[in-house]
Amino acid sequence: MLAFLVQRISQALLVMFVISLISFSIQDGLGDPLQQMVGQSVSEAEREKIREELGLNDSFVVQYLRFAGQAVQGDLGTSYFYGKPTLEVIFEHLPATLELVIGASLIIGFLSVPIGVYAAIRPRAWLSKFFMGISTVGISIPVFLTAIVLIQLFSIGVTVNWFPPETGWGSWLNGLFSTEGGMPSYGRGDGLVHLFGTWHSGFFSSDGLRHLTLPAISLASIMLPLFIRLIRAEMMEVLQSDYIRYAQAKGLAPHRIHFLHALKNTMLPVITVGGVQLGIMVAYTILTETVFQWPGVGLMFLEAITRSDIPLIVSYLMVVGLIFVVTNTVVDLVYGLVNPTVKLTGKKA
Amino acid sequence: MKKLLTAFVGSLALASAPVAISAEATQSLKLAYDADPVTLDIHEQLSGGILQLSHMTFDPLLRWSNDLTFEPRLAKSWERIDENTMRFTLREGVTFHSGNALTSEDVRFTFERLKQSPDFKAIFKPFSELKVVDETTFDLITSEPYPLLLNAATYIFPMDKAFYSGNDKDGNAKAAISKQGSTFASRNQSGTGPFKVTSRQQGVKVEFERFADYWDTASPGNVGKISLTPIKENNTRVSALLSGGVDFIAPVPPTDLERIKNNPETSLVTMSGTRIILFHMNQKRFEPFQDVRVRQAVAYAINQEGIAAKIMKGFATPAAQLSPAGYQGHNDSLATRFDVAKAQALMKEAGYEDGFTITMMAPNNRYVNDDKIAQAVAAMLARINIKVDLKTLPKAQYWPEFDDRAADMMMIGWHADTEDSANFYEFLTMCPNSETGTGQYNAGNYCNPETDAMVDQANVETDLDKRAALLQDVEKRLYDDAAFVPLHWQDLAWASKGSVKIEPILNVMNFPYLGDLVVE
């Protein structure tokens, strides 16, 4: 266990070192940060002075060593735009992203397991076919389109006039297909509750939850079909295995077989994939956050790129690298708990 | 109507008896711009966002009115006492948010700070000093006669000297201006403006509250609270307005103009802007551009009207010169000159009937539809056998390329900080000179000592009629010489809920005077 953790921590350090080196070496391609910091009519001489003050004229090696020297002391630099230490900026934006990811994960968890299991047990039921059809459509629609459609339907509202409004059935059908709108389409709202540190949560007020709804649904929409299909496929395979047949022959109640014995083995690969996808989801939030002006790290990163805020870009990439390593480590640990035959360090059982 | 009448009567009564208006300012406004102010220090960066903030939390000595004339604000009046000196009289009874009273000393402090600011010092270069005469009188002195003295004075937003003096708790000077890290002034404000910042989360939200002791009791404004949310994504900003999440948005993307105009619950205001979009033809990189006939051929080949109508969807004013209407240098006789046959004839005359290949670069996220415009220009040039190798880049990568003059034709948009024609020539067409800083953005390397001398002359000409004649002549010569290819002036657009009366407070500089905003 200890050896495993030490191994992972050293891996994390290596990953972060490599990321910092790569992102530092491409910074010339990221544009000139000064362009974003001064007005257009500022003279070249004045620019040169500021460039010198910021240390942008030093050679790559000097700049990297200065950065690395501060980094080992926990200081990843100061954001040009925010004028604050980059880690502070990231931690201010991280709670918003984590809440979005948690919201989306809850939606995925509560929907994918029952639907997936149902589709595996009754593969020929029309409801299963319906869900499978929907998930095929869902997996092929890009997230920003989902987001824009959701905003149009539930924030702005749609008035339908397809049917003759003077007849009773016509106005009823029109009303059925029209939507009211009114859901918040941007930001996190005013009802944030302060938890600790930089964490202001939207989970504890109705306004906060309303703001979370549409972004969480859009973010969930990419992963949900994948998980439904994964659970269905795994479950169908497990249901073919000998121990399930034996249990059936023994006359166990079907729900005991499905949910106690079969589901447990189904979840093994799901956990692995889920952990990796969780990390990817943090990256996917860039699109969702942009469309909904969600003030998380994804939006922050995208704006940092347009502003050539190099210290913030480098720090973000390092933090995301760290998140990937941490989620993978946690996944491995959980995997060990679910399936005791797996040994962490790969030694023989 | 009744409401309007009471407001009117109310303001009359208030004008005669100065009572705090804040009791009436009960409306709240939710505002969404494409970005929020990068700092609270109004001298740290010269940008549209910072000037918009300045007009909310500070007041200038004088400001531009809708018809491009000057309107007195903190300066009650001004008079020229000699060739180089303008004497200003300050309004009495003006207090800062801190409670300190405004005096000439505050103005002097502000003036000196402006001269220290890397972004603003260029505007105040012609000024030698600001001399305090007494508590409410001061002289603004230039080193030589300067016709744009009042234009520059619109940039003087007096800051609270007592508030910004001394050191903060870390021992740094409160008045310090820095681009890196945070300073006292970048986090704290004390101005005389209609609003105070009550909370600020950068990139997320800024909240303002009306200043109870605001001096302008005659202002019809009745907004008590403003929350400003930056929404960068065009679609999201428009959706926020349509769904009722915000009350006022700017800018409005051209694709959504119709939708907002046709919506009974929203109103749209558009205006012809002053930002010119143009292409330079680099004579240093590409020799044929040294031939005036080739440059003219390019100018004749471009259909500005077509670009404005098709690509900009009517959201631009086709341009044949740099100065927009209303500027001194605007020359009415210059018209767009799209004529492919003429362009082909000129190419033939210059000996390039078979054409040539050039490189072109344009940004793809800086100006409205910038990449599409570049593609259209490339297609138009193909008709006179100029093959264009086009590359479009995000602005962060584009500007370093621009500084390197990395292509034969490069796009740039320019807005004159001084709201004056000379500024265009100084940056875009004068001979590049790193000593004097002229021609800093002249990516065509066009150099005409004759017109340069005329601009220099105009810069010290205080007779406005003579000056206008000079500048218009410069504009004509540049046109005849095809010094660059002008495309259009980008229009401006704002949209609001029907109850928010934005029209009277908007202007071509894009500084909404939110203090005077009326919400019904």
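Proteins come first, then strands; the chains are lettered A, B, ... in the order of their sequence lines, and each starts at number 1. The model shown is predicted, which means the values in this text are computed figures rather than measured ones.
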Colleague: How many angstroms lie between atom CZ of A:Phe292 and atom OG of B:Ser239, to the nearest 0.5 angstrom?
Modeller: 9.0 Å
Colleague: Under 3.5 Å, side chain of A:Ser43 to main-chain N/O of B:Gly437, donor-acceptor pair present?
Modeller: no
Colleague: With a 4.5 angstrom heavy-atom cut-off, which part of A:Glu46 approaches chain B: side chain, backbone, both or neither?
Modeller: side chain
Colleague: Using modelled atom types only, decide if a donor and an acceptor are shared between the side chain of B:Gln202 and the backbone of A:Phe81 within a distance under 3.5 Å.
Modeller: yes
Colleague: Find the distance between OH (A:Tyr186) and CD1 (B:Ile231) and round it off to the nearest 0.5 Å.
Modeller: 5.5 Å
Colleague: Please determine whether side-chain contact (heavy atoms from CB on, under 4.5 Å) holds for the pair B:Ser243 and A:Ser185, giving the CA-CA distance in whole Å, both sets of side-chain angles, and the decisive distance to 0.1 Å.
Modeller: CA-CA 7 Å; B:Ser243 66; A:Ser185 65; 3.6 Å; yes
Colleague: How long is the gap from CZ on B:Arg237 to CD on A:Gln293, to the nearest 0.5 Å?
Modeller: 9.0 Å
Colleague: Determine which pairs satisfy salt bridge (Lys or Arg N to Asp or Glu O under 4.0 Å) with at least one residue from residues 190-209 of chain A, sequence neighbours left out, and list them in order.
Modeller: A:Asp190-B:Lys205
Colleague: Determine whether a donor-acceptor pair (N or O, by modelled atom type, separation under 3.5 Å) exists between the side chain of B:Gln440 and the backbone of A:Val42.
Modeller: yes
Colleague: Name the option with the most non-hydrogen atom pairs under 4.5 Å to chain B; the candidates are A:Thr78, A:Val38, A:Leu299.
Modeller: A:Val38
Colleague: Within residues 47-75 of chain A, which positions have a heavy-atom distance to chain B below 4.5 Å?
Modeller: A:Arg47, A:Lys49, A:Ile50, A:Leu54
Colleague: If we only count heavy atoms from C-beta on, is the A:Leu34 to B:Trp399 side-chain gap below 4.5 Å?
Modeller: no
Colleague: Can you tell me which portion of A:Glu92 sits under 4.5 Å from chain B's heavy atoms? Options are side chain, backbone, both or neither.
Modeller: neither
Colleague: Going by atom type alone, with no hydrogens or angles, which donor-acceptor pairs under 3.5 Å involve a side-chain atom of residues 113-120 of chain B and a protein atom two or more places apart or on another chain?
Modeller:
residue: B:Arg113; atom: NE; partner: B:Ala175; partner atom: O; Å: 2.8
residue: B:Arg113; atom: NH1; partner: B:Asp41; partner atom: OD1; Å: 3.0
residue: B:Arg113; atom: NH1; partner: B:His43; partner atom: ND1; Å: 3.2
residue: B:Arg113; atom: NH2; partner: B:Asp41; partner atom: OD1; Å: 3.4
residue: B:Arg113; atom: NH2; partner: B:Asp41; partner atom: OD2; Å: 2.8
residue: B:Arg113; atom: NH2; partner: B:Ala175; partner atom: O; Å: 3.1
residue: B:Arg113; atom: NH2; partner: B:Ala176; partner atom: O; Å: 3.4
residue: B:Lys115; atom: NZ; partner: B:Phe124; partner atom: O; Å: 3.4
residue: B:Lys115; atom: NZ; partner: B:Phe127; partner atom: O; Å: 2.5
residue: B:Ser117; atom: OG; partner: B:His43; partner atom: O; Å: 2.7
residue: B:Ser117; atom: OG; partner: B:Asp119; partner atom: N; Å: 3.3
residue: B:Ser117; atom: OG; partner: B:Phe120; partner atom: N; Å: 3.2
residue: B:Asp119; atom: OD1; partner: B:Lys179; partner atom: NZ; Å: 2.8
residue: B:Asp119; atom: OD2; partner: A:Gly39; partner atom: N; Å: 2.5
residue: B:Asp119; atom: OD2; partner: B:Leu46; partner atom: N; Å: 3.0

Colleague: Which distance, rounded to the nearest 0.5 Å, do you find between the CD of A:Glu289 and the CD of B:Glu233?
Modeller: 12.5 Å
Colleague: Under 4.5 Å from any heavy atom of chain A, what part of B:Asp403 do you find: side chain, backbone, both or neither?
Modeller: side chain
Colleague: For each of A:Gly83, A:Ala45, A:Gly157, tally heavy-atom pairs with chain B at distances under 4.5 Å, and name the one with the top tally.
Modeller: A:Gly83
Colleague: When rounded to the nearest 0.5 angstrom, what distance separates OG1 in A:Thr290 from CG in B:Asn235?
Modeller: 12.0 Å
Colleague: Ignoring hydrogens and geometry, is there a side-chain-to-backbone donor-acceptor pair from A:Glu44 to B:Ser434 under 3.5 Å?
Modeller: no
Colleague: Is it the backbone or the side chain of A:Ile148 that comes under 4.5 Å from a heavy atom of chain B, or both, or neither?
Modeller: side chain
Colleague: Any ring pair (Phe, Tyr, Trp, His ring centres under 6.0 Å) pairs touching residues 293-315 of chain A, not counting sequence neighbours?
Modeller: A:Phe301-A:Tyr316
Colleague: Once rounded to the nearest 0.5 Å, what's the spacing between atom NZ of B:Lys232 and atom OG1 of A:Thr306?
Modeller: 4.0 Å
